[in-house]
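Everything on this sheet refers to the single structure shown next.
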Amino acid sequence: MEDKVMELQFITHYTDRYSYFDSACMALKGGCRWIQLRMKDASEAEITREALRILPLCREHGATFIIDDHVEIVRKTGADGVHLGKNDMPVDEARKILGKQFIIGGTANTIEDVRRLHQAGTDYIGCGPFRFTTTKKNLSPILGLDGYRNIVATMKQEHIELPIVAIGGITCDDIPAIMQTGVSGIALSGTILRADSPAEETHRILEEIRKYRTYK
Ligand SMILES: Cc1ncc(COP(=O)(O)OP(=O)(O)O)c(N)n1
Ligand SMILES: Cc1ncsc1CCOP(=O)(O)O
Ligand SMILES: [Mg+2]
């Protein structure tokens, strides 16, 4: 996976305003090239149906397509990868099923989580929450800027090289400070879905991230 793709991951979330497909369309229109289909409380059949609509759209835009939680749906649909948290299938088990060709992301809230995910062979880490958000139930403790600074510093000391994507309640105004903690990118949902123009907001967010991002 190209380093450049890891700048912004748009995560879908149920709203009365937009379908999952429409929200993915708007993020892609705004220039995002990394989409995560997250459909909490939906059946496997519903997630599979939506994934099969969004996958060709991501292919047309040269975007990476990740599905939340469901290793088997990723394998069946040929999506690019899966995102797994502490209550999902362990990353090493998912790796045995998916092999090296698929991307596996993992959720971390502490440096211990990062170490464990690194050992297990994760490709990137969604690290958060930055602040409180209603998009996810049962949030882990809030990290804030200091949380990211400490995690990034310890990773450097321990030579752990893994892209860290900050997540949780992030808006465009937060991006300069978060990017300056040394994280690789940003994952978000609500701030794009609540915007008057989600595509324009995606574009604005990407421009902000790019001001602070150094490409390897
Ligand atoms: C990029 C990214 N980071 C973290 C998460 C959260 O995953 P998880 O802890 O499994 O919680 P749910 O999203 O499944 O509710 C994520 N999805 N994406
Ligand atoms: C999936 C997830 N994991 C931690 S916070 C979060 C939700 C991110 O969405 P938002 O940007 O709306 O807070
Ligand atoms: Mg999960």
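We use all heavy atoms of the structure for the numbers below, so side chains are in, but hydrogens, waters and symmetry mates are not. Order of appearance sets the numbers: ligands from 1, and atoms from 1 within every ligand.
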Ligand 2 atoms in contact with T133 (distance to a heavy atom under 4.0 Å):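 In order of numbering, the contacting atoms are 5 (S), 10 (P), 12 (O), 13 (O).
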
- Task: Using a strict cut-off of 4.0 Å, indicate which atoms of ligand 2 neighbour a heavy atom of L188.
- Result: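 Counting atoms of ligand 2 from 1, those under 4.0 Å from L188 are 11 (O).
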
Nitrogen or oxygen of [X] less than 3.5 angstrom from that of ligand 2:
X    : result
G190 : yes
G168 : no
T135 : yes

Closer than 2.8 Å to the Mg ion (ligand 3), how many protein N/O/S atoms do you count?
->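 Those protein atoms number 2 in total.
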
>> Which residue and atom name correspond to the protein heavy atom nearest atom 11 (O) of ligand 2, and how close is it?
In response: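 The closest one turns out to be S189 N, 3.0 Å.
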
Worksheet item: Can a non-hydrogen atom of I167 be found less than 4.0 Å from any atom of ligand 1?
Response: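 Per 4.0 Å heavy-atom rule, I167 contacts ligand 1.
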
Scan residues 67-78 for pairs that pass side-chain hydrogen bond (donor to acceptor under 3.5 Å, both in side chains), counting only residues two or more places apart or in two chains.
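side-chain hydrogen bond (donor to acceptor under 3.5 Å, both in side chains) check on residues 67-78 returns K40-D68, K40-D69, E72-R75.
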
Taking 4.0 Å as the limit for heavy-atom contacts, which would you say applies to [X] with ligand 1: side chain only, backbone only, both, or neither?
X    : value
D69  : side chain
K137 : neither
K40  : side chain
N87  : neither

- Is ligand 2 less than 4.0 angstrom away from at least one heavy atom of G128?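 False for this residue.
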
Inset, instruction - Only heavy atoms count here, so choose which of R131, K136, Q36, Q9 is nearest to atom 3 (N) of ligand 2. - result: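 Nearest option to atom 3 (N) of ligand 2, by heavy atoms: K136.
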
Once you restrict to heavy atoms under 4.0 Å, what part of R38 touches ligand 2? Side chain, backbone, both or neither.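 Near ligand 2, R38 shows its side chain, while the N, CA, C and O stay back.
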
Say whether C127, considering both its backbone and side-chain N or O atoms, lies within less than 3.5 Å of an N or O atom on ligand 1.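 Checking ligand 1 against C127, no N or O pair falls under 3.5 Å apart.
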
inquiry  = I'd like to know if the side chain of D80 and the backbone of I103 have a donor-acceptor N/O pair within less than 3.5 Å.
reply    =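 It does not hold such a pair.
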
Ring geometry between W34 and Y124 (parallel below 30°, tilted from 30 to 60°, perpendicular above 60°):
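The arrangement is perpendicular - the two ring planes meet at more than 60°.
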
Item to complete: Hey, could you give me the CD1/OH distance between I164 and Y148, rounded to the nearest 0.5 Å?
Response: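 Taking CD1 in I164 and OH in Y148, the distance rounds to 9.0 Å.
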
